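Have a look at the structure below before the remarks.
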Amino acid sequence: MHEIEQSRVAGLEEVHFQTVRSKKMAIFNTSSTELKHLFIAWVAISYAFAIMLAWMELDNIRPTSSQIFGTFITDLFIISLVTVGISFIFHEMGHKFVAQQYGAWAEFRMSFGMLLLAIYMAWQIGILFAAPGAVQIFGPHITKKQYGKIAASGPVMNLFLAFAFMPLLMDTGFLYDIGRLGVIINLLLAGFNMLPISVLDGRKVLAWSPIVYIGLFMTIIVVGMFFVAKLI
């Protein structure tokens, strides 16, 4: 049994050193598998959110199959692609980028079953419950501090995106709708992921540094209270 375990560890280390070139690695490494998983998750999450928006458009009446597969949902889907879809991708890529800077192998892998569940629940009850997947990280040398920074990078990216969407609030019509949802979604994603529970980012950040955790969480809350209250 001990020999099997040693063989497994050796195999993982070989994969690690073949994939990652430590300090000489490229700024951002990816693969065709990761790109495929990201694309499917991006489309699926955006579609589920568009269905949820359809509920709101119909005054909380469940959309019919012809509506969620027809032209009725087209504009909502486009808005979702550039708000919740981009917010989700940038959150995950924030984790990936920082992990790679520490010499770890990091790639996103979707959960196909959870994506289907998200679409089904959005259609049936108008609630978006999404666990689309996560960035898988392999780096046996990664410290608690580095894991904390990797975890914090996701919410920080969402906070940055919230500010990036804000200029669109000065426009009207379609662009205002994108800006409004972009700000709200990113602040909600940042706040939710900073909760110190389960597998959420907040738990890892708190384990690394309570001071950083409190500072980042309070920043998100203050910005959220100022903007979300004006936009909802």
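Just so it is clear, the structure is predicted and the values come from calculations on it, not from any experiment.
Separation of the F160 and F165 ring centroids does not fall under the 6.0 Å cut-off.
In this structure, the separation between CD1 on I119 and CD1 on I45 is 8.0 Å, given to the nearest 0.5 Å. Taking OH of Y102 as the reference point, atom CD1 of I142 lies at 8.0 Å (rounded to 0.5 Å). The line from OG of S87 to CG of L187 is 9.5 Å long, rounded to the nearest 0.5 Å. To the nearest 0.5 Å, atoms OG (S209) and NZ (K204) are separated by 16.0 Å. If you take CG on N158 and CG on D201, they are separated by 9.0 Å, rounding to the nearest 0.5 Å. The distance from the CG atom of L159 to the CD1 atom of I220 is 5.5 Å, given to the nearest 0.5 Å.
Side-chain heavy atoms closer than 4.5 Å link hydrophobic residues (I, L, V, M, F, W, Y) into clusters, and following such links, even through other members, never connects F192 to V199. Under a hydrophobic clustering in which Ile, Leu, Val, Met, Phe, Trp and Tyr are joined whenever their side-chain heavy atoms come within less than 4.5 Å, directly or via other members, M166 and F226 fall into the same cluster. Placement of Y213 and I221 within a single hydrophobic cluster is found when ILVMFWY residues are connected by side-chain heavy-atom separations under 4.5 Å, directly or transitively. Connection of M114 to Y120 is not established within any shared hydrophobic cluster, with ILVMFWY side chains joined at heavy-atom distances below 4.5 Å, either directly or through further cluster members. When hydrophobic clusters are built by joining Ile, Leu, Val, Met, Phe, Trp and Tyr residues whose side-chain heavy atoms come closer than 4.5 Å, directly or via intermediates, F163 is not grouped with M170.
Formation of a donor-acceptor pair under 3.5 Å by the W123 side chain with backbone atoms of M52 is not found in this model. The backbone N or O of F72 sits nowhere less than 3.5 Å from a side-chain atom of Q67 that would complete a donor-acceptor pair. Remark: side-chain polar atoms of Q100 are not paired, donor with acceptor, to backbone N or O of F97 under 3.5 angstrom. A donor-acceptor contact shorter than 3.5 Å links the side chain of H95 to the backbone of I150. A side-chain donor-acceptor contact under 3.5 Å links K96 to the backbone of A106. W42 contributes a side-chain N or O that, together with a main-chain N or O of L81, makes up a donor-acceptor pair within less than 3.5 Å.
Closest non-hydrogen pair, A44 versus L115, comes out as CB-CD2, 3.9 Å. Among all heavy-atom pairs drawn from S153 and V98, the shortest one is CB-CG2, 3.5 Å. Between S111 and A131 the shortest heavy-atom distance is CB-O, 3.9 Å. Of all the heavy atoms in P155 and A190, the pair that sits closest is O-CB, 3.7 Å. Closest approach of A104 to I137, counting heavy atoms only: CB-CG2, 3.9 Å. Across all their heavy atoms, M110 and A41 have their closest contact at CB-CB, 4.4 Å.
Using a 4.5 Å cut-off on side-chain heavy atoms (C-beta onward), I86 and F90 make contact. Residues Y47 and S80 have side chains not in contact (no heavy-atom distance under 4.5 Å, counting atoms from C-beta outward). With a 4.5 Å cut-off on side-chain heavy atoms, M194 and L200 do not count as touching. In this structure the side chain of Y147 never reaches within 4.5 angstrom of the side chain of W208, judged on heavy atoms. Looking at heavy atoms from C-beta onward, L53 lies out of side-chain contact with F77 at the 4.5 angstrom threshold. Contact of the R62 side chain with the Q124 side chain is registered, since non-hydrogen atoms from C-beta on lie closer than 4.5 Å. Side chains of I51 and I73 form a contact here, defined as non-hydrogen atoms less than 4.5 Å apart.
No donor-acceptor contact under 3.5 angstrom links the side chains of E107 and T33, judged on distance only. Donor-acceptor pairing under 3.5 Å is lacking for the side chains of N186 and H91.
Crowding of R203 atom CZ: a count of heavy atoms from other residues, nucleotides or ligands under 6.0 Å not exceeding 12. The local environment of CZ in F174 is crowded, with over 12 non-hydrogen atoms from other residues, nucleotides or ligands closer than 6.0 Å. By the neighbour-count criterion of 12 heavy atoms within 6.0 Å, atom CD1 of I211 is sparsely surrounded, having that number or fewer from other residues, nucleotides or ligands.
Paired with T83 under the rule side-chain contact (heavy atoms from CB on, under 4.5 Å), one option of L181, D177, I78, L161 passes, and it is L181.
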Steps toward ring pair (Phe, Tyr, Trp, His ring centres under 6.0 Å) verdict (F88, F108)
CA-CA 11 Å; F88 149 71; F108 175 80; 5.6 Å; yes

Which is it for F49 and I185 under the side chain to side chain contact (heavy atoms under 4.5 Å, CB included) test, yes or no, and what are the steps along the way?
CA-CA 11 Å; F49 190 74; I185 288 167; 3.6 Å; yes

Take L35 and F39 through the side chain to side chain contact (heavy atoms under 4.5 Å, CB included) test and state the conclusion after the steps.
CA-CA 6 Å; L35 293 176; F39 178 77; over 6 Å; no

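With sequence neighbours excluded, the residues that form a side-chain hydrogen bond (donor to acceptor under 3.5 Å, both in side chains) with S66 are T64.
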